[in-house]
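This is the structure I want to talk about, given as structure tokens.
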There are 2 protein chains.
Amino acid sequence: MASTPPRAATLHEVAALAGVSHQTVSRFLHNRGPFKPATIERVEAAIKELNYRPNMIARSMRTRETGILAAILPSPVTALPTPTLAAAAEVARRSGYFMEISVIEGPAQDRARRAQELLDSGRLEGVLSLGALPGMSEQPRTPTTTALAILDQYDDKLRGIGPLADASVLREIIQTLADMGHRRFLHIEGPQDWSSARARRDEYLRSIAELGLESHGVRGGDWTTESGYAAISGLEEDSCVTAVIAANDYLALGAVRAAHDRCWHVPKRLSVIGWDDLATARYTIPALSTVAVDRESQGRSAMERLIALVRNEPAPEPANPVSRLILRESTGPAPAPPNPQR
Amino acid sequence: MASTPPRAATLHEVAALAGVSHQTVSRFLHNRGPFKPATIERVEAAIKELNYRPNMIARSMRTRETGILAAILPSPVTALPTPTLAAAAEVARRSGYFMEISVIEGPAQDRARRAQELLDSGRLEGVLSLGALPGMSEQPRTPTTTALAILDQYDDKLRGIGPLADASVLREIIQTLADMGHRRFLHIEGPQDWSSARARRDEYLRSIAELGLESHGVRGGDWTTESGYAAISGLEEDSCVTAVIAANDYLALGAVRAAHDRCWHVPKRLSVIGWDDLATARYTIPALSTVAVDRESQGRSAMERLIALVRNEPAPEPANPVSRLILRESTGPAPAPPNPQR
DNA sequence: ACGATTCAAGTGATCGTTCACATTATGGGT
DNA sequence: ACCCATAATGTGAACGATCACTTGAATCGT
């Protein structure tokens with residue numbers, strides 16, 4: 001009807017049009033207190049007429065609550081951890097919060113600075129970091145600080161978020177492969193500023209040593225398929241490596257393809273095992289052995305922890321993250337040694 | 001030193017401590033106007049002492065600018081389109097905006113409603129939707145509305161964002177396969193509320209008809225590997241389909257594996273082609289033929305369009321999205337007919 | 001018919017910042 | 001010593017909502 005107003009309608013304008021006070025409209029929007037039917041009608045009409053929408057910024061300014069939590073992730077991640085994020089978002093939603101995702105680029109140092117800016121902005125009630133932030137640790141919300149929870153499988157000091165399930169699975173993997181006759185291993189690691197990557201690497205080295213097996217070393221260094229491909233295609237022909245443990249499925253897929261390209265059959269000549277159980281892992285050829293991490297429950301309990309920190313409630317019982325070894329076609333018995341030793 | 005203050009320091013507190021007016025501190029924070037060296041020193045000291053951080057909410061309330069754009073995506077997407085998002089975020093960053101990602105769950109109807117809420121919240125200066133929003137279309141920013149750009153390969157009315165590169169590639173695919181002797185095709189489609197999925201399906205049907213080839217129909221319906229697997233494993237043994245065109249790489253990977261499981265060699269018995277050129281597509285076995293969509297430039301120009309809408313500038317020249325057919329190991333000549341016809 | 005009680009709605013301050021404007025130093029020329 | 005331009009800083013009102021109170025209208029028992 002009327003020409004476009006110069007700006008969005010405010011509470012006061014609605015109130016004026018409805019012939020009531022601004023406070024009445026505010027109460028109406030929050031379903032507080034009883035109203036006379038006539039009032040309801042007039043206010044509703046005015047809201048509709050002006051196409052009124054509450055200004056969240058003004059509201060947040062007064063209440064100091066935004067209802068928004070952010071999940072932040074480092075950018076150079078091959079694929080965003082969708083199931084983790086989805087589970088976290090679902091928990092947030094059910095608790096009345098909205099979760100947004102902020103991708104923070106750059107080296108670890110920069111990331112911590114940008115994360116601090118987010119924490120200080122006052123725009124967020126809590127921040128869930130996927131991946132470690134150098135020099136920062138979990139903190140509850142106070143009038144001066146925004147709550148921060150860190151999901152990095154383990155926090156920086158390896159104080160367990162749940163038991164060290166991570167490590168135990170790696171040992172199980174190596175034991176299983178050893179039982180199949182494998183003696184010489186290779187680890188393709190992830191970026192070492194991820195504590196989950198560090199934990200896998202460390203447990204790999206420890207298990208190899210404790211079980212009296214041989215390691216041909218550690219390669220890789222980021223989370224990409226290319227890196228996995230390079231790790232295997234760069235291997236000497238006589239390396240005698242028969243089993244490869246990759247820090248994630250992308251690395252493992254690259255490794256499988258590299259083996260294929262140099263005519264090393266997987267698993268007859270080389271066994272490969274990944275980590276994460278990507279949605280496609282059971283459909284690849286050969287189907288990829290991997291570690292299924294319960295990413296849903298991981299995301300869920302991290303978000304529950306964050307919300308407890310936001311509300312200054314005691315931390316909820318953390319769900320035990322269950323990491324489960326899944327053997328598929330990419331692993332098998334070690335090949336018979338090319339030239340028998342005795 | 002001092003005990004934790006009841007709440008974060010404000011401009012006024014800094015000003016009081018430094019012995020200047022709040023406005024001087026504000027100016028200082030924005031590098032406006034010259035200052036006496038002594039003033040600079042005192043203000044800097046006060047900011048440090050109180051660990052002052054400007055409250056972005058209060059600032060936004062006054063300036064009506066938040067510097068924040070959001071990319072929204074529907075949730076049931078197998079993997080977030082990382083390259084697109086990264087490119088978009090980079091453009092935003094360079095233009096002085098911060099891009100956050102909001103995942104909106106639920107059916108198309110709900111999504112549109114939630115998107116509208118985001119648009120109305122006042123928290124965002126612009127919204128970039130990946131995927132169509134029923135009943136909503138691109139709009140510039142006005143005092144009462146938030147800018148909205150939609151990236152769905154093509155917008156709802158198929159008014160080309162750039163030329164219909166999409167379609168032309170599909171025709172090229174079919175022509176190429178026909179040249180290799182293929183006569184009977186199958187399309188595995190994506191969800192039809194995505195206009196890109198619709199465009200692929202429509203062009204598939206049109207090309208088949210115009211080139212005088214046969215279609216065994218259309219299967220699929222979402223973007224998942226499972227769906228692709230089911231499409232092929234459900235195929236009759238005597239379907240005579242020799243070429244499968246999937247609407248994305250996940251569907252294609254499922255199709256390849258299903259073929260493998262029923263002992264249909266890819267590509268000797270069945271050629272499969274995907275869409276998107278996933279990072280892993282060139283490493284799968286067999287390496288997947290696919291369509292490389294320039295997702296970076298797609299994300300980039302969508303974000304440039306959004307920023308122009310936010311600033312009420314004329315729309316920038318859209319970069320021509322170049323879709324390029326990449327033939328790898330999963331496609332090959334059609335098999336000789338099992339029983340020669342003449 | 002009147003005071004007490006509950007119902008319904010109104011008033012003005014406030015959150016922390018920026019805007020528009022007013023005011024007070026400072027220094028140089030005559 | 002005075003004026004004036006410019007440098008440097010100060011003042012108070014917005015922004016649009018909510019909070020903490022206060023006030024006026026209806027209801028009811030006696």
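All of these numbers come straight from a predicted model, not from anything done at the bench. The sequence lines fix the lettering, A, B, ..., with proteins before strands; numbering per chain opens at 1.
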query: What is the minimum heavy-atom distance between Ile307(A) and Ala92(A), and which atoms define it?
result: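 The answer is CD1-CA, 4.1 Å.
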query: Minimum heavy-atom separation for Ser102(A) to Glu100(B), with atom names?
result: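 Heavy atoms only, the tightest pair is OG-CB, 4.4 Å.
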message: Can you tell me if Arg32(A) touches the phosphate of dC19(D), counting only side-chain N or O atoms and a distance under 4.0 Å to OP1 or OP2?
response: yes
message: Reading DNA chain C from 5' onward, which residue's closest nucleotide shows up sooner: Lys36(B) or Thr10(B)?
response: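 By nearest-heavy-atom nucleotide position, the 5'-most residue is Thr10(B).
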field: Residue whose closest nucleotide on DNA chain C lies nearer the 5' end, Arg64(A) versus Thr24(A)
entry: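 Result of the comparison: Thr24(A).
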task: By nearest nucleotide on DNA chain D, pick out whichever of Leu29(A) and Ala58(B) is the more 5' one.
output: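 It is Ala58(B) whose nearest nucleotide is closer to the 5' end.
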message: Between P on dT17(C) and CZ on Arg62(A), what's the gap in Å once rounded to a whole number?
response: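 Taking atom P of dT17(C) as the reference, CZ of Arg62(A) is at 15 Å.
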message: What is the separation between atom CG on Asn31(B) and atom P on dA8(D), rounded to the nearest whole Å?
response: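 Nearest whole value for this atom pair: 14 Å.
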field: Nucleotide dT11(D), atom C1' - distance to NE2 of His22(B) in whole Å
entry: 7 Å
field: Rounded interatomic separation in angstrom, taking CE from Met61(B) and P from dC15(C)
entry: 13 Å
- request: Give Thr39(A) one of three labels, base, sugar-phosphate or nothing, depending on what nucleic acid heavy atoms sit under 4.0 Å from its own.
  value: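 Touches sugar-phosphate only.
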query: At their closest point, which heavy atom of Ile150(B) faces which heavy atom of Gly131(B), and how far apart are they?
result: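 Ile150(B) and Gly131(B) have their closest heavy atoms at CG2-O, 4.0 Å.
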query: Does OP1 or OP2 of dA17(D) have a side-chain N or O of His12(A) closer than 4.0 Å?
result: no
task: Return the value, rounded to whole Å, for the distance between atom CG of Leu11(B) and atom C1' of dC19(C).
output: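 Taking atom C1' of dC19(C) as the reference, CG of Leu11(B) is at 13 Å.
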message: For Lys48(B), is there an ion pair with Glu44(B) - N to carboxylate O distance below 4.0 angstrom?
response: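 Result for this pair is no, no salt bridge flagged.
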query: Is it true that Arg300(A) and Glu304(A) make a salt bridge, defined as a side-chain N closer than 4.0 Å to a carboxylate O?
result: no
field: Check: Arg27(B) side chain, dA8(D) base, donor-acceptor under 3.5 Å
entry: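 Check fails, no donor-acceptor contact within cut-off.
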- prompt: Does Ser21(A) place a side-chain N or O at less than 4.0 Å from the phosphate oxygens OP1/OP2 of dA9(C)?
  reply: no
query: Which part of the nucleic acid, if any, lies within reach of Phe28(B) when heavy atoms closer than 4.0 Å are counted: base, sugar-phosphate only, or nothing?
result: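 Result for Phe28(B) = nothing.
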- prompt: Atom CD1 of Ile57(A) and atom C1' of dT18(D): how far apart are they, to the nearest Å?
  reply: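 Distance, rounded to whole Å: 16 Å.
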message: Between P on dC15(C) and CG on Asn55(B), what's the gap in Å once rounded to a whole number?
response: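 The answer, rounded to whole Å, is 12 Å.
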query: Within the pair Thr63(B) and dT18(C), is there a side-chain N or O less than 4.0 Å away from OP1 or OP2?
result: no
query: Gln23(A) has an atom CD; how far is it from atom C1' of dA13(C), in whole Å?
result: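 My rounded result for the distance is 12 Å.
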